[in-house]
Amino acid sequence: MMILGKLPPFFLSCLLLTIIFIVFILCSPNPFNPISKSDLHQTLALPNSTSHGDDDDEILKCDLFKGEWVPDLQGSLYTNWSCSTIPTSKNCFHHGRKDTEFLKWRWKPHQCQLPRFDPKTFLEFVQGKKLGFIGDSVARNHMDSLLCLLSMIETPVDHYKDSEDRQRVWYFPGHDFTLMILWTKFLVDGEERVINGSSSGIFDLHLHKIDKKWTTDLPVLDYIIISDAHWFFRTIYLHNDTGVVGCVYCGHPNVTDFGVGFALRMAFRSALNHINRCRECKARVTLVRTFSPAHFENGAWDTGGRCNRTSPLSEREIKLTSNEWELRSLQMEEIEKANIEGNKKGTKFAALDVTRAMLMRPDGHPGVFWGNKWMNGYNDCVHWCLPGPIDAWNDFLFEVLRRKVT
């Protein structure tokens with residue numbers, strides 16, 4: 001009798017659970033059907049939609065570049081398997097990198113939510129336009145990141161590649177959109193000295209002459225993203241139209257060493273002046289991507305320096321008095337100067353101010369996982385893995401373009 005007395009509540013519980021389950025089955029749309037890849041992408045993208053709505057004023061007033069990296073379970077929108085255009089030296093997983101935690105962080109400005117990059121909306125935004133990256137191999141790194149994201153929506157046509165795979169042009173026929181990299185070491189004209197038939201590693205920079213490798217195609221561009229820096233960390237003699245005026249790392253007793261910052265400032269000033277004064281150019285928005293820091297630890301690139309961290313630094317762990325921050329600051333000053341002249345002509349300049357965010361990401365470089373057989377044993381702590389933290393630059397890119405164009 002005691003056992004029978006306990007059975008009715010048990011049966012009632014089972015009956016209640018059965019009723020709930022039946023209601024779930026009847027009311028749920030195909031609960032047992034697996035969600036498609038496109039539906040999954042749309043579902044995950046909803047919280048970070050690029051349709052700003054009521055948050056528009058908040059986004060426009062927000063400083064996108066002051067913030068922190070926060071955990072992000074979604075991770076990268078693409079993989080090294082889904083993107084076939086990743087250069088092998090940036091395909092870190094292909095070369096043996098095992099940790100994936102560095103992909104599970106997202107940049108969060110202090111004052112707002114930065115919308116996640118939406119490749120479909122971006123292609124609609126740039127339909128019929130041409131966008132060009134001007135700069136060195138880190139500029140190419142950024143272009144390759146953007147290319148992977150856009151390839152999720154449309155497979156691009158490989159339209160042009162030079163013999164050194166430096167100048168590249170990709171075309172998205174479904175959106176009549178052209179993406180290109182105009183490769184340049186210094187922005188201005190630079191020549192390496194040849195001594196006894198061999199490259200010397202010593203360069204002559206003509207600060208008053210623009211490198212024609214990128215200016216030739218400049219008139220066709222609607223949007224420009226210009227950057228440079230890492231080639232300036234070597235022995236350089238600086239020239240104007242009268243001759244040598246100084247140097248960088250030359251150690252010559254009769255030549256003033258002005259340092260990397262001066263040379264970089266002058267190169268950017270010449271480049272931005274050229275864009276401002278280009279009569280045949282149609283670009284109305286030029287973005288300057290600020291200095292992307294390297295993270296060599298326990299040595300330089302050629303003295304055993306490494307970058308084997310697996311998680312970001314916090315904001316309090318970085319130094320805003322570093323040489324990297326000084327280079328970023330002078331770039332910001334040159335952007336302001338270019339804007340003063342540009343406002344008179346209807347051209348706009350703005351910063352992709354990535355320096356603060358990337359100072360916190362020593363975990364995002366290829367390190368030993370870059371597969372360069374000619375430099376075996378050396379770490380790449382300058383460029384960024386794909387996928388990786390550099391993909392956040394496209395979140396910045398789209399939001400800054402949206403602000404400047406609309």
Side-chain angles (χ1 to χ4, degrees), residues 129-140 142-143 162 166-169 178-191 203-232 236-246 248 258 260-291 327-353 397 400-401 404-405:
K129 305 296 184 181
K130 293 180 174 65
L131 185 152
F133 288 87
I134 300 170
D136 57 18
S137 55
V138 181
R140 168 66 183 270
H142 187 185
M143 187 208 73
D162 69 5
R166 286 181 168 175
Q167 307 283 98
R168 293 298 297 265
V169 179
T178 301
L179 179 66
M180 66 179 73
I181 174 72
L182 304 177
W183 201 89
T184 173
K185 293 176 181 175
F186 301 106
L187 298 177
V188 294
D189 186 41
E191 302 170 348
F203 289 82
D204 290 287
L205 251 61
H206 302 274
L207 299 173
H208 60 298
K209 295 181 181 179
I210 298 297
D211 185 355
K212 293 182 180 180
K213 291 186 181 69
W214 64 271
T215 57
T216 301
D217 293 312
L218 190 64
V220 307
L221 297 179
D222 296 286
Y223 306 118
I224 299 168
I225 298 95
I226 190 168
S227 59
D228 211 1
H230 289 285
W231 278 88
F232 288 79
I236 298 172
Y237 287 87
L238 306 172
H239 300 250
N240 63 14
D241 54 359
T242 64
V244 175
V245 295
V248 179
F258 285 111
V260 172
F262 174 85
L264 187 65
R265 180 191 292 275
M266 293 299 103
F268 266 96
R269 184 173 298 178
S270 294
L272 299 183
N273 282 343
H274 179 84
I275 294 171
N276 247 333
R277 298 167 188 175
C278 178
R279 294 182 179 180
E280 65 271 26
C281 291
K282 60 180 180 179
R284 289 295 173 262
V285 178
T286 296
L287 306 183
V288 176
R289 194 262 299 153
T290 61
F291 184 67
L327 297 179
R328 171 261 179 200
S329 297
L330 67 87
Q331 288 173 315
M332 296 294 285
E333 291 170 5
E334 293 306 314
I335 295 169
E336 289 302 314
K337 291 177 182 177
N339 253 328
I340 293 173
E341 182 173 345
N343 286 336
K344 303 173 185 177
K345 303 177 180 181
T347 56
K348 300 176 182 178
F349 293 82
L352 282 184
D353 188 8
L397 170 62
V400 175
L401 274 181
K404 288 296 179 179
V405 173

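Please read these numbers as outputs of a predicted model, since none were measured by experiment.
- By the 4.5 Å heavy-atom criterion applied to side chains, Val405 and Tyr223 are counted as neighbours.
- In this view, Asp211 and Thr184 satisfy the side chain to side chain donor-acceptor pair (under 3.5 Å) rule, not counting sequence neighbours.
- With Trp214 contributing its side chain and Gly135 its backbone, the two residues share no donor-acceptor pair below 3.5 Å.
- By the side chain to side chain donor-acceptor pair (under 3.5 Å) test, Ser270 is found to be paired with no residue, residues two or more places apart in sequence or in another chain being considered.
- Aromatic ring orientation, Phe291 versus His230: tilted (interplanar angle from 30° to 60°).
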Practice task
Evaluate the side chain to side chain contact (heavy atoms under 4.5 Å, CB included) criterion for residues Met266 and Phe258: first the C-alpha distance (whole Å), next the side-chain angles of each, then the deciding distance (0.1 Å), finally the verdict.
Solution key: CA-CA 11 Å; Met266 293 299 103; Phe258 285 111; over 6 Å; no
Practice task
Given side chain to side chain contact (heavy atoms under 4.5 Å, CB included), test Phe349 with Asn276 step by step and report yes or no.
Solution key: CA-CA 10 Å; Phe349 293 82; Asn276 247 333; 3.4 Å; yes
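- A donor-acceptor pair under 3.5 Å is absent between the side-chain atoms of Lys130 and the main chain of Val220, judged by distance alone.
- Residues that satisfy the salt bridge (Lys or Arg N to Asp or Glu O under 4.0 Å) test with Glu333, not counting sequence neighbours, are Arg265.
- The 12-atom threshold is exceeded at NZ of Lys337, counting heavy atoms of other residues, nucleotides or ligands nearer than 6.0 Å.
- None of Thr347, Leu221, Ile224 except one satisfies the side chain to side chain contact (heavy atoms under 4.5 Å, CB included) rule with Ile275; the exception is Ile224.
- For Ser137, the side chain to side chain donor-acceptor pair (under 3.5 Å) partners two or more places apart in sequence, or in a different chain, are His383.
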Problem - Audit row: Leu207, Asn240, side chain to side chain contact (heavy atoms under 4.5 Å, CB included) steps and yes/no - result: CA-CA 6 Å; Leu207 299 173; Asn240 63 14; 5.7 Å; no
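- The side-chain contact (heavy atoms from CB on, under 4.5 Å) search around Arg277 returns Asn273, Glu341, Lys345, not counting sequence neighbours.
- Taking 4.5 Å as the limit, some side-chain heavy atom of Phe232 sits within range of a side-chain heavy atom of Leu205.
- The salt bridge (Lys or Arg N to Asp or Glu O under 4.0 Å) check on Arg289 picks up nothing, with sequence neighbours excluded.
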Exercise for the section: Start with the C-alpha gap between Arg168 and Arg140, add the side-chain angles, then the distance that decides, and say whether side chain to side chain contact (heavy atoms under 4.5 Å, CB included) holds. Expected result: CA-CA 9 Å; Arg168 293 298 297 265; Arg140 168 66 183 270; 3.6 Å; yes
Problem - salt bridge (Lys or Arg N to Asp or Glu O under 4.0 Å) between Asp222 and Lys282, worked out - result: CA-CA 6 Å; Asp222 296 286; Lys282 60 180 180 179; 3.8 Å; yes
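- Under the 4.5 Å side-chain criterion, counting only non-hydrogen atoms from C-beta, Val400 is not in contact with Val285.
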